[in-house]
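What follows is one structure encoded as structure tokens, with my remarks underneath.
The basis for the numbers below is simple: all heavy atoms, side chains too, and nothing from hydrogens, waters or symmetry mates. Throughout, protein chains are lettered first and strands after them, A, B, ... in sequence-line order, and every chain is numbered starting at 1.
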There are 2 protein chains.
Amino acid sequence: MQIFHDEHLSIDWSAVRFDDVKLTLTRKEFELLAMLSQNEGETIPREVLLETVWGYRSGTRTRTLDVHVRRLRRKLGIYGEEYIQTIFGVGYRFARLRAPRPLVIPGPATYAIGA
Amino acid sequence: MQIFHDEHLSIDWSAVRFDDVKLTLTRKEFELLAMLSQNEGETIPREVLLETVWGYRSGTRTRTLDVHVRRLRRKLGIYGEEYIQTIFGVGYRFARLRAPRPLVIPGPATYAIGA
DNA sequence: TCCAGGTTGTAAAAATCTTGTAAAAGCCGT
DNA sequence: ACGGCTTTTACAAGATTTTTACAACCTGGA
């Protein structure tokens, strides 16, 4: 069963792939991503994430969520910050990727072909 | 009847061959490989493997599965880890071999081509 | 039946991976 | 600029897997 899909990212219970490259997420990373992507577009408060994914009771002082968001973003590559947005003072929000993929081909060899 | 096939690996009920070389697997090794490859791409939990292949009831403390995965991987040669992937804390997943063989030749020669 | 060879499971140490925390650095809104 | 919140990095503890070695167990043939 699929949790979320768009042009680049595909999230299933069996696997997560970004542009046909399989991402290996840890359990917590996956649970967090699932939680966020299942509520695409909605801002989920920190407290809610900490409670649903970690089972922490409200009031627990921890930075775990932030660190996991960080690791998740890194695995999502350059679009990490696009997919997982910070809502300052509230929580995080998962969003579908807007613009297609910018195609940039640097390097001299490229020009030689076109010339 | 064939269980799984790709460019390198061929798994039938009668034989398993890797690049036209017949592999001699033991019964348990074969059952494990069959179970995994029949569900290509899906992560199969340890518990499920231990129950279906070994008939163990859930909760049995054993390392047998790990050891058999080890022996299987070894027989699959350098691609052992590619075909049989570990999903930490969950189980194992059989996957089709990705890219053929990454042939990368860095260095000055590359630039000479473009020039 | 007994032996030889191969198969299977276990134990234990070594290696690896995951996860949470601490602390410094950076960012945000006022 | 300030206080509060988030990001980033590094580390340590705990959990899980890998690896090796060994012993028990089959099974077929002598």
Seminar exercise, completed: A correct 5'-to-3' footprint of nucleotides 16-23 of chain C, with B, S and - meaning base, sugar-phosphate only and no protein heavy atom under 4.0 Å, is -BSBBBB-

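- Listed by chain and number, the residues in a side-chain hydrogen bond (donor to acceptor under 3.5 Å, both in side chains) with B/Asp6 are B/Tyr83 (sequence neighbours excluded).
- In this structure a side-chain-to-backbone donor-acceptor pair under 3.5 Å is missing from B/Arg71 to B/Thr26.
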Exercise. Side chain to side chain donor-acceptor pair (under 3.5 Å) between B/Thr62 and B/Thr60: does it pass, once the steps are laid out?
Worked result: CA-CA 6 Å; B/Thr62 179; B/Thr60 309; over 6 Å; no

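- In this structure, the CD1 atom of B/Ile87 is 11 Å from the P atom of D/dT17, given to the nearest Å.
- D/dC5 atom P lies 12 Å from atom CD of A/Glu47, rounded to whole Å.
- Following rounding to the nearest Å, A/Ile84 (CD1) and D/dT6 (C1') show an atom-to-atom distance of 14 Å.
- No donor-acceptor distance shorter than 3.5 angstrom exists from the side chain of B/Thr86 to the backbone of B/Phe88, with no hydrogens or angles considered.
- Nearer to the 5' terminus of DNA chain D, by closest-nucleotide assignment, is the contact made by A/Gly89 (compared with the other of A/Gly89 and B/Arg73).
- Between A/Leu50 atom CG and D/dT6 atom C1' there is a gap of 13 Å when expressed in whole angstrom units.
- Put simply, B/Arg74 has no side-chain N or O that comes within less than 4.0 Å of OP1 or OP2 on D/dT18.
- A/Glu29 and A/Lys75 are joined by a salt bridge, as a carboxylate oxygen and a charged side-chain nitrogen come within less than 4.0 angstrom of each other.
- When the side-chain nitrogen and oxygen atoms of B/Tyr92 are compared with OP1 and OP2 of D/dT16, none of them lie within a distance under 4.0 Å.
- We find that CD of A/Glu81 is positioned 14 Å from P of D/dT6, with the value rounded to whole Å.
- Distance, A/Asp66 CG to C/dA25 C1': 14 Å, rounded to whole Å.
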Identify all side-chain donor-acceptor contacts of residues 39-50 of chain A below 3.5 Å with residues at least two apart in sequence or on another chain.
from    : atom 1 : to      : atom 2 : distance (Å)
A/Glu40 : OE1    : A/Arg96 : NH2    : 3.2
A/Arg46 : NH1    : A/Asp66 : OD2    : 3.2
A/Arg46 : NH2    : A/Asp66 : OD1    : 2.7

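- Regarding B/Leu49, its CG atom lies at a distance of 16 Å from the P atom of C/dT8, rounded to whole Å.
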